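Taking it in order: structure first as structure tokens, then the write-up.
Every heavy atom of this structure was used, including side-chain atoms; hydrogens, water molecules and symmetry mates were not. The model shown is predicted, which means the values in this text are computed figures rather than measured ones. In what follows, chains are A, B, ... by sequence order, proteins preceding strands, each numbered from 1.
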Amino acid sequence: MLSANFLIDRREGDVELSFCVPPGRRLGIFGPSGAGKTTALDVVAGLAMPRHGDVSLAGRPLTKVTAEDRTIFVPPHERQVGLIRQRPTLFPHLSVRENLLYGKGVKSFELLAPMIERLELMDLLTSRPRQLSGGEAQRVSIARTLARENQALLLDEPFQGLDDRLRTELLLVLDELLSALQIPVVMVAHELELVSHFADDIIVVENGRALGFGEVRKLLKEPPSVKLASILGFTHFVAIDGLRRIGIHPDRMFAGAEPTRGYVFPVSILSTKDVGGGVLYRLKLADQQLVASFADDRLSHSEDPKVTVLDPPVFGQDDECQGIWRGMTSSVEGAVDERR
Amino acid sequence: MRRRSLLSWLSIVSTIAIWLILIGPLITLFVKLSPSEIVSALDQPGALSPLGISVASAAIALAFTVLGGTPLAYALARSRRRGLRWLEVGMLLMLLMPPLVIGLLLVFMLGPLTPLGELLSRVHLSATNTFFALIVCEVYEAAPYYVLGAQSTFAGLDQAMLDQASLLGNTPRERFFRISLPLSLPQLSSSLAIAWARAIGAFGAVVIVAYHPYGLPMQVWTTLNEVGLSRALPYALVLLVVSLPLPLLAYAWSRYAQR
């Protein structure tokens, strides 16, 4: 179990976070740039010192700083925590092979061969880092970190700057390689899609504070607050009666009325645009304008156009959460011990 | 063809002019020197002993500078402790201080009647007109160039890369020898080469504290005073021959490594 609970000062404002990741489980930390995600990883890796708080891994305390003094601080080289950053930071004076085998206590080359094969690095072993493309360098960086026996793995926007095809491919490979390791994994990203594909649980962070926490599937489906919902991609909130509103996600609606599958709204069509694989509609729905894309232009031919909002989250008046972590009825029962 | 503007012509002309002005003394040296003069000047008995003294003292001074200066430069570059900033200011002062002034102050610091001078005499060393004094002067003139150069090299290392080495299990010591040092070597050698040129050409402090034994700069100076300009010129050439190749080599290496 990796557990962290800390407050750290930064120039952009302090960051206060608390999370636990059991072995074999993956936590995604999601939030806009500058929210404090990387800082959180630095604290776990031992690259940053919190004002107070503690970090422990597999029962071993790594950092323990109280308001009075620093009682425990294990330096990064003794932590056995792997960190893969957005920028590969390969050692330029060493070959790819030497980079791969650089870590202390790294497995033998023979044992590493399947992974190197899987990451398609066999032909690059004698190359120098400056001869590699961005994607190749990132693959070497991943392999270099995984070549050690890590007790936990931290990923800091590891696919940033790679093109979509490469990113999907690498995500699959990484997913496969990590499944074999029963260690806690934390991934930081500012793209929801990436986190939701990769992680089991997710923390949504903004301005150094956690806005929400839960199992990815559940949190995306039923965000506990309007604010959290809007960070997670719900663009509109429409009243369904005097007290309640529902959240509308542009990807989770379809043209036509099917009351059994969600809420049906009449809409008026403001404009349409054929974008090849689909039709982009600008719609007016209960006094709000929104843009949605549908597979065909069926909606345009209907005399009384309606859309169905699929199984949306419903918010009462008191769900207007203003950036405070509302108790977080943790949805990951048993898996996470809430030591807060 | 694109026509050059007046401004670009002016900048080309001024570039060439500056270059010629700066390189002028070197051209003059080769124009003025005849091979027979070189041979006759250097053929006399003992004529090359200043060369030996200069090379030996500069080598020792540099060894001392590298051994002591490299850790200092690394600490200055990597540590955020405030006390170290004062060390840096001290280094900078030594770099900026005129060598002649350093020489004068060395007399007051290490002269035979000072406490430090007495301490030295107990181990049979004297910092006045000895080979040891020559080394001391050269250290003072050369070390700041090396330390400040090495500091800026170390400060330029990629922190994320160093962090990665730590996370891969390197202790700070291992990280220094496996990452920081190898990546800094080309530029360290540049700083070292500059220090070499300063050490072997040291004159300001030397003329006050270490008049004897003659190194090359003192030889040039005394020959100039006692015999004349034309006799001093061959020694100037020898001084250039020993002081320049190392810097040029280091320069070439660091350019090559940066490609």
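In B/Phe64, the CZ atom is not crowded: 12 or fewer heavy atoms of neighbouring residues, nucleotides or ligands sit closer than 6.0 Å. Atom CG of A/Asp163 has more than 12 heavy atoms from other residues, nucleotides or ligands within 6.0 Å. Other residues, nucleotides and ligands contribute over 12 non-hydrogen atoms within 6.0 Å of the CZ atom of B/Phe131. Within 6.0 Å of the CG atom in B/Leu7, the count of heavy atoms belonging to other residues, nucleotides or ligands does not exceed 12.
Separation of atoms OG (B/Ser166) and NZ (A/Lys104) is listed at 10.5 Å; rounding is to 0.5 Å.
Inter-residue side-chain proximity for A/Phe91 and B/Asp158 is flagged as unmet; no heavy-atom pair is nearer than 4.5 Å. Residues A/Pro76 and B/Asp163 have side chains not in contact (no heavy-atom distance under 4.5 Å, counting atoms from C-beta outward).
Between A/Ala45 and B/Leu167 the shortest heavy-atom distance is O-CD2, 3.7 Å.
Of residues 169-181 of chain B, those residues with a non-hydrogen atom less than 4.5 Å from any non-hydrogen atom of chain A are, in numerical order, B/Gly169, B/Asn170, B/Thr171, B/Pro172, B/Glu174, B/Arg178, B/Ile179. Listed in order of number, the residues of residues 141-154 of chain A that approach chain B to under 4.5 Å between heavy atoms are A/Arg144, A/Thr145, A/Arg148.
For A/Leu47, the part lying near chain B is the side chain, with the backbone staying farther off; criterion is any non-hydrogen pair under 4.5 Å.
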